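Just so we're clear, the structure is a prediction, and the values are computed from it rather than from any experiment. In what follows, every heavy atom counts, from backbone to side chain, and hydrogens, waters and symmetry copies are set aside. Convention: sequence-line order gives letters A, B, ...; per-chain numbering from 1.
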Protein chains: 2
Amino acid sequence: MEDRKLTVRAVERALDILMCFTKSSELGLTEIAGLIDLHKSTVHRLMTTLEEKGFVVRDAATEKYRLGLKVWELSTHLSKSDDPAVLFLPGMERLRDRLGETVSLYLRDGKDRLRIQAVQSNQAIRRVAQVGARLPLYVGASSKVLVAFASPEDQQELFLDSEWPEMPDSGAYMRMLEEIRERGYATSFEEREPGAAAVAVPIVNRSGVVAAALSVSGPVGRISTDTLHEFAPVLMEAAHEMGLMI
Amino acid sequence: MEDRKLTVRAVERALDILMCFTKSSELGLTEIAGLIDLHKSTVHRLMTTLEEKGFVVRDAATEKYRLGLKVWELSTHLSKSDDPAVLFLPGMERLRDRLGETVSLYLRDGKDRLRIQAVQSNQAIRRVAQVGARLPLYVGASSKVLVAFASPEDQQELFLDSEWPEMPDSGAYMRMLEEIRERGYATSFEEREPGAAAVAVPIVNRSGVVAAALSVSGPVGRISTDTLHEFAPVLMEAAHEMGLMI
DNA sequence: TCCTAATGTTTCACCACATGAAACATGGTT
DNA sequence: AACCATGTTTCATGTGGTGAAACATTAGGA
């Protein structure tokens with residue numbers, strides 16, 4: 001490797017360990033060692049450190065590790081002022097009340113997207129969206145929006161080292177992205193999740209940068225492709241208003 | 001030092017850096033270096049690592065660091081099932097409605113206490129309690145409860161390396177703790193915060209361990225010492241119910 | 001305008017310290 | 001008991017983290 005390392009390996013590993021707890025909330029030592037491919041004893045030392053600092057705790061019963069109080073404490077000190085998750089919540093609730101379906105808000109984070117906020121439909125049969133979920137960028141309406149409106153450099157990087165299902169430079173995919181940019185929204189029909197359909201639009205801030213993707217989704221029994229296209233203008237109007245806030 | 005170190009220094013430092021963001025939400029490099037007493041370049045390498053992993057981000061405008069998305073993502077994966085902060089919330093709201101004052105929930109964490117939940121009084125003049133705040137263990141009604149019901153070993157450790165304001169083994173303090181254990185609640189009158197008064201009781205789980213402290217607090221204009229003692233039985237009943245849940 | 005100070009960044013030689021193999025301990029299962 | 005799967009500790013090795021110092025960049029002050 002040519003570029004000199006200006007990061008600290010031990011810290012990288014410790015942070016990787018922490019992120020393992022997004023996969024499972026309770027992990028054993030060897031389990032972690034397997035996940036990040038390190039020797040038991042190395043993981044053990046790192047875990048002792050994390051435990052001593054309160055970032056993980058050992059469950060009294062199972063002897064396994066789980067995330068600790070310090071993680072929670074840190075999260076309370078995240079700057080809330082410009083946080084889209086709280087800023088857009090009222091608008092998302094209005095949208096839910098108007099369309100009657102689950103509304104989600106996504107951020108692009110590296111090669112994934114992150115559901116940072118969701119308000120659930122209150123109909124009996126509904127799509128339940130989990131806040132904090134990390135999802136792939138290659139399927140789903142919101143993914144297509146986030147990719148379509150990403151900068152060309154970001155797109156290149158995404159296509160490069162991501163295990164994209166089909167060749168993105170196959171022309172057809174690029175044409176689809178172009179179409180999304182033109183009409184301003186993307187749809188998906190049983191694309192990531194069987195039985196679910198969605199429309200998504202970008203939220204553009206005043207600098208013209210796409211800050212997030214807003215989507216409405218529900219069960220295919222209630223939502224046809226026609227419905228998706230009917231929802232689109234309503235979503236775009238809401239997204240426009242939200243974009244003015246940041 | 002006799003006991004061999006079985007922790008990783010670099011990771012300890014990185015975690016210390018993260019915890020600095022509970023003091024201020026925006027920090028510069030030299031600022032951090034000053035806080036944890038390390039060389040600039042060392043902090044710089046650690047920050048690069050934290051940034052690359054998404055645990056901190058640089059504010060585009062100020063060039064300073066703030067907590068990143070990964071912290072938030074982690075926090076959404078904290079196991080909510082047995083979390084007192086969500087478990088006790090309904091009970092705390094009922095208590096607030098009944099007494100009309102701000103209700104807080106505290107956990108002991110090391111040599112401090114942590115406000116992990118709060119429901120605000122809806123009166124015009126009220127005490128506003130910030131969730132996530134780290135407070136000292138040597139003043140306030142909740143502190144006295146947490147100390148009084150701590151195990152003797154924990155108490156020893158607390159008195160030892162904590163900068164306690166007055167000698168705790170001075171007899172008077174110990175007698176006060178004994179009294180709190182006897183009657184089951186503690187009060188404070190403009191003790192930590194001028195103009196504020198509070199009552200606190202322990203929440204005891206079915207194993208007989210004190211899991212948390214529950215307090216009701218408000219402005220001295222509305223709350224006399226008599227009021228505190230009137231509140232106490234109501235609080236104790238609520239705390240008893242909560243204790244049965246865990 | 002130049003000078004100074006303060007901040008962030010990179011380089012580098014040293015040797016502390018993180019590392020992983022292996023031995024050890026523990027508890028559960030057959 | 002013998003086994004296996006966990007977690008824990010020890011220890012020699014040399015990698016990789018460290019901090020001093022040099023460098024870069026910007027802001028302000030005279």
Side-chain angles (χ1 to χ4, degrees), chain A residues 1-21 23-68 70-71 79, chain B residues 1-21 23-68 70 79 207:
Chain A
M1 26 198 77
E2 270 311 293
D3 50 345
R4 306 285 296 278
K5 55 167 313 230
L6 13 76
T7 60
V8 181
R9 193 178 54 165
V11 175
E12 278 181 336
R13 291 170 167 184
L15 299 179
D16 285 340
I17 288 178
L18 282 179
M19 291 314 290
C20 286
F21 289 90
K23 307 259 196 306
S24 169
S25 63
E26 232 185 31
L27 290 169
L29 193 58
T30 41
E31 207 166 352
I32 297 169
L35 278 172
I36 57 173
D37 201 45
L38 277 182
H39 200 274
K40 280 193 304 179
S41 64
T42 305
V43 176
H44 181 254
R45 242 173 310 110
L46 293 170
M47 291 311 288
T48 312
T49 313
L50 287 170
E51 189 181 8
E52 206 157 72
K53 290 288 176 184
F55 281 72
V56 300
V57 291
R58 311 198 75 160
D59 193 274
T62 65
E63 282 276 295
K64 296 194 165 211
Y65 294 96
R66 40 178 60 220
L67 291 175
K70 286 286 163 63
V71 171
S79 38
Chain B
M1 28 196 79
E2 270 311 292
D3 52 344
R4 307 283 297 277
K5 55 166 311 226
L6 13 77
T7 59
V8 181
R9 192 179 54 164
V11 174
E12 278 181 336
R13 291 171 166 184
L15 298 179
D16 285 341
I17 287 178
L18 282 179
M19 292 313 291
C20 287
F21 288 91
K23 306 257 195 309
S24 169
S25 63
E26 233 185 30
L27 291 169
L29 192 58
T30 41
E31 206 166 351
I32 297 170
L35 278 172
I36 57 173
D37 201 44
L38 278 181
H39 200 273
K40 278 191 306 177
S41 64
T42 305
V43 176
H44 181 254
R45 243 172 309 110
L46 293 170
M47 291 311 286
T48 312
T49 313
L50 288 170
E51 189 182 8
E52 206 157 71
K53 290 287 176 186
F55 281 72
V56 301
V57 290
R58 313 198 73 160
D59 193 274
T62 65
E63 282 275 296
K64 296 194 165 214
Y65 293 95
R66 39 177 62 219
L67 291 175
K70 285 285 162 64
S79 39
S207 318

Atom of [X], atom of [Y] and distance for their closest heavy-atom approach:
X      : Y      : result
L50(B) : A14(B) : CD1-O, 4.2 Å
V8(B)  : A10(A) : CG1-CB, 3.8 Å
F55(A) : V71(A) : O-CG2, 3.7 Å
G68(B) : V57(B) : CA-CG1, 4.1 Å
F21(B) : Y65(B) : CE2-O, 3.3 Å

To the nearest Å, give me how far apart [atom1] ([X]) and [atom2] ([N]) are.
X      : N       : atom1 : atom2 : answer
H44(A) : dC24(C) : NE2   : P     : 18 Å
K64(B) : dG8(C)  : NZ    : P     : 7 Å
L6(A)  : dT18(D) : CG    : P     : 14 Å
E63(A) : dG28(C) : CD    : P     : 10 Å
E26(A) : dG7(D)  : CD    : C1'   : 16 Å

(message) Among residues 10-20 of chain A, which ones have heavy-atom contacts with DNA chain C below 4.0 Å?
(response) A10(A), R13(A)
(request) Scan residues 27-43 of chain A against DNA chain C and write down, sorted by residue number, each residue with any heavy atom closer than 4.0 Å; if none is found, say none. (result) H39(A), S41(A), T42(A)
(request) Identify, with sequence neighbours excluded, every residue that meets salt bridge (Lys or Arg N to Asp or Glu O under 4.0 Å) alongside K64(B). (result) E31(B)
(message) Going by the rule salt bridge (Lys or Arg N to Asp or Glu O under 4.0 Å), which residues pair with E26(B) if we only count those two or more places apart in sequence or in a different chain?
(response) R66(B)
(message) Using OP1 and OP2 only, check whether a side-chain N or O of R58(A) sits under 4.0 Å from dT8(D).
(response) yes
(message) Taking 4.0 Å as the cut-off, does a side-chain nitrogen or oxygen of R45(B) come that near to OP1 or OP2 on dG8(C)?
(response) no
Could you run down the sub-3.5 Å N/O contacts of the protein with nucleotides 12-14 of chain D?
none

(request) If a pair satisfies side-chain hydrogen bond (donor to acceptor under 3.5 Å, both in side chains) and one of its residues is in residues 48-57 of chain A, list it, with sequence neighbours excluded. (result) K53(A)-D16(B)
(request) Enter the distance from I32(B):CD1 to C20(B):SG here, rounded to the nearest 0.5 Å. (result) 6.5 Å
(request) Using five pairs at either end of the helix from dT1(C)-dA30(D) to dT30(C)-dA1(D), determine the angle between the two local helix axes and round it to 10 degrees. (result) 30°
(request) List the steps, then state whether side chain to side chain contact (heavy atoms under 4.5 Å, CB included) holds for L67(B) with L18(B). (result) CA-CA 8 Å; L67(B) 291 175; L18(B) 282 179; 4.1 Å; yes
(message) Between I17(B) and V56(B), is the side chain to side chain contact (heavy atoms under 4.5 Å, CB included) condition met? List the steps.
(response) CA-CA 10 Å; I17(B) 287 178; V56(B) 301; 5.9 Å; no
(message) Going by side chain to side chain contact (heavy atoms under 4.5 Å, CB included), name the residues that satisfy it together with T42(B), two or more places apart in sequence or in a different chain.
(response) R13(B), L38(B), H39(B), R45(B), L46(B)
